[in-house]
Amino acid sequence: MTTLTAGLLLAAAVGCGTDQSGQSQDVTVEGEFGAEPQVTFPSASSPGELSARVASEGDGDPVQQGDLVVADYAAYTWAGSGEAAEPMESTWQLGQPYGFNVTPDMVQQWMIDSIVGQPVGSRVVMVVPPDEMGQQTASSGGDTVFVMDILETYPSGSEVPGEEGFDGGSDLPSVEVASGQRPEVSIPEGDAPGELQVEVLVEGEGPVVEAGQYLVTQYTGVSWQSGEVFDSSWDREGAPTGFPIGVGQVIPGWDEGLVGQPVGSRVLLSIPAAQAYGEDEAAHELGGQDLVFVIDILGAHGEPPEPSASPSASDGAEPSASPEASPSE
C-alpha cells in the first residue's frame with residue numbers, strides 16, 4: 001500500500017456529473033460502517049464511467065457544499081479479477097481519518113456530486129475513470145474505486161458556543177467574541193511573553209485532544225508586533241479548518257498548546273517566535289514575530305497512534321508555514 005497523500009481526493013474541479021448508480025453496483029463491498037471494507041470486483045474490465053451509490057445510509061446531518069467533512073476511505077484500482085482487492089490508499093491502515101472542504105477548489109466535482117446530501121454515518125461507493133482523476137493518475141490504467149465512510153460534517157460558521165471574552169490586562173491580548181464573526185484581538189503595549197501562554201476562554205466538555213488526532217477548528221491569528229490579522233478561517237466564509245495535531249504538522253505552539261484541551265473549548269495562545277515560524281526574519285514572512293491565536297476546537301477524530309509510532313518534529317517533519325497546511329494559499 002502506498003503512503004496516503006490525499007492526492008487522489010484533492011484535485012482541480014472537473015465539472016462533470018455522476019451517474020448515481022451505474023457501474024458502482026457491480027462492486028461488492030462487505031463490512032460494517034467504520035471498519036475497513038472488503039472489496040471485490042467482477043470478472044470484467046473496468047467500465048470507464050463515473051458512478052456512485054450509497055452502500056449503507058446513515059442518520060446524521062446531511063453533507064452540504066462548503067462543509068468540512070471528516071471521513072475514512074479506501075481507494076482501489078479496478079482489478080477485474082473476481083477476487084478481493086487490496087487498497088492502494090487507506091485511512092484505516094494509517095489509523096487516522098481524512099478531512100476536506102467540500103468545495104470545487106479542494107475536491108473534484110464528482111466527489112461533491114457523490115457526497116452532498118448524504119447523511120453522516122453513510123458509506124458511499126464511487127467508481128471514477130482515469131480521465132476524471134486528474135493528470136497525475138490519468139495514465140495509471142483502470143478505474144479508481146473509492147469506498148468512503150462519512151464520519152462527521154462541519155458546516156461553515158461552526159463555532160464553540162458562548163461569547164466569553166478575555167481581558168488580558170497588561171500582559172496578554174484582550175479578546176472580544178461575537179457569534180458568527182471573527183474574534184477581535186487587541187494587543188497590549190510592551191513585549192510579548194517569552195514563553196507560550198495558554199488561556200482557556202471557554203472550557204469544553206468533550207474528549208481531550210490527543211496527539212495524532214485530526215483536529216477541526218475555527219481560528220484567527222494576529223501578529224503581536226503589528227497587531228494585524230494575518231490569517232483567519234472566518235475570512236474564508238467561516239469554513240472550518242482541519243489538520244493532524246501533536247505530530248509536527250503545524251507550528252510547535254499549536255501542538256503544545258492544543259493537545260490536552262477538551263473538544264468544545266475556545267483557547268487563546270500567545271506564541272513566541274521560536275515556537276511559531278522561528279526567529280529568522282528571512283526564513284518566513286512571519287519569521288521573528290510573536291503570534292496570538294484565538295482557536296475554537298470543534299472536533300478531534302481518530303485513534304492516537306502508539307507512542308513508538310508517532311511522528312514528531314525530530315523525525316524530520318517540517319512545521320507547516322501556517323497553523324494548517326496552507327490556510328491562506
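Quick note: residue numbers are just sequence positions, from 1.
Between the side chain of D167 and the main chain of S174, no donor-acceptor pair closer than 3.5 Å is present. Side-chain atoms of S265 come within 3.5 Å of backbone atoms of G204 as a donor-acceptor pair (strictly under, hydrogens ignored). Within the 3.5 Å criterion, the main-chain N or O of G190 finds a donor-acceptor partner in the side chain of W224. At least one donor-acceptor pair under 3.5 Å links the side chain of W78 to the backbone N or O of A44. A donor-acceptor pair is defined here as one N or O able to donate and one able to accept, closer than 3.5 Å; no such pair exists between the side chain of E132 and the backbone of W110.
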Step by step, work out the ring pair (Phe, Tyr, Trp, His ring centres under 6.0 Å) result for F293 and F230.
CA-CA 10 Å; F293 290 92; F230 61 85; 5.7 Å; yes
Please test T153 against D67 for side-chain hydrogen bond (donor to acceptor under 3.5 Å, both in side chains), starting from the C-alpha separation and ending with a verdict.
CA-CA 6 Å; T153 190; D67 287 3; 2.7 Å; yes
side-chain hydrogen bond (donor to acceptor under 3.5 Å, both in side chains) for Y76 and E89? Distances and angles first, verdict last.
CA-CA 7 Å; Y76 307 80; E89 292 189 356; over 6 Å; no
Before you tell me yes or no, could you show the steps for S223 and Q289 under side-chain hydrogen bond (donor to acceptor under 3.5 Å, both in side chains), namely the whole-Å CA-CA distance, both residues' side-chain angles and the distance that decides it to 0.1 Å?
CA-CA 7 Å; S223 166; Q289 297 188 46; 2.4 Å; yes
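The side chain to side chain contact (heavy atoms under 4.5 Å, CB included) with V263 is formed by just one residue from the set V160, V209, V208; it is V209.
In terms of heavy atoms, T144 sits closest to A75 at CG2-CB, 4.4 Å. Nearest heavy atom pair, residue P104 against residue Q65, reads CD-NE2, 3.7 Å. Between S114 and V124, the shortest heavy-atom contact is O-CG1, 4.0 Å. The two residues V116 and Q64 have their closest heavy-atom pair at CG2-C, 4.3 Å. When all heavy atoms are compared, the tightest approach of V70 to Y214 is CG2-CE2, 4.0 Å. Residues D143 and E49 come closest through the heavy atom pair OD2-N, 4.1 Å.
Side-chain contact, D105 with T103: a donor N or O sits under 3.5 Å from an acceptor N or O. S179 and E163 form no side-chain donor-acceptor contact under 3.5 Å, judged by distance and modelled atom types alone. Looking at S232 and T220, their side chains do bring a donor and an acceptor atom within 3.5 Å of each other. For Q213 and Q96, the side-chain atoms include no donor-acceptor pair closer than 3.5 Å. The closest side-chain donor-acceptor pair between E237 and S156, if any, does not fall under 3.5 angstrom. Side chains of Q218 and S233: a donor-acceptor N/O pair is present below 3.5 angstrom, by distance only.
Side-chain heavy atoms closer than 4.5 Å link hydrophobic residues (I, L, V, M, F, W, Y) into clusters, and following such links, possibly through other members, connects F243 to L269.
A parallel orientation is assigned to the rings of H284 and Y277, their planes being inclined by less than 30° (bins at 30° and 60°). Using the six-membered ring where Trp is involved, W254 and Y219 have ring planes that are perpendicular, over 60° apart on the 30 and 60° scheme.
For R123 and D72, the salt-bridge test fails: no basic side-chain N is under 4.0 Å from an acidic carboxylate O.
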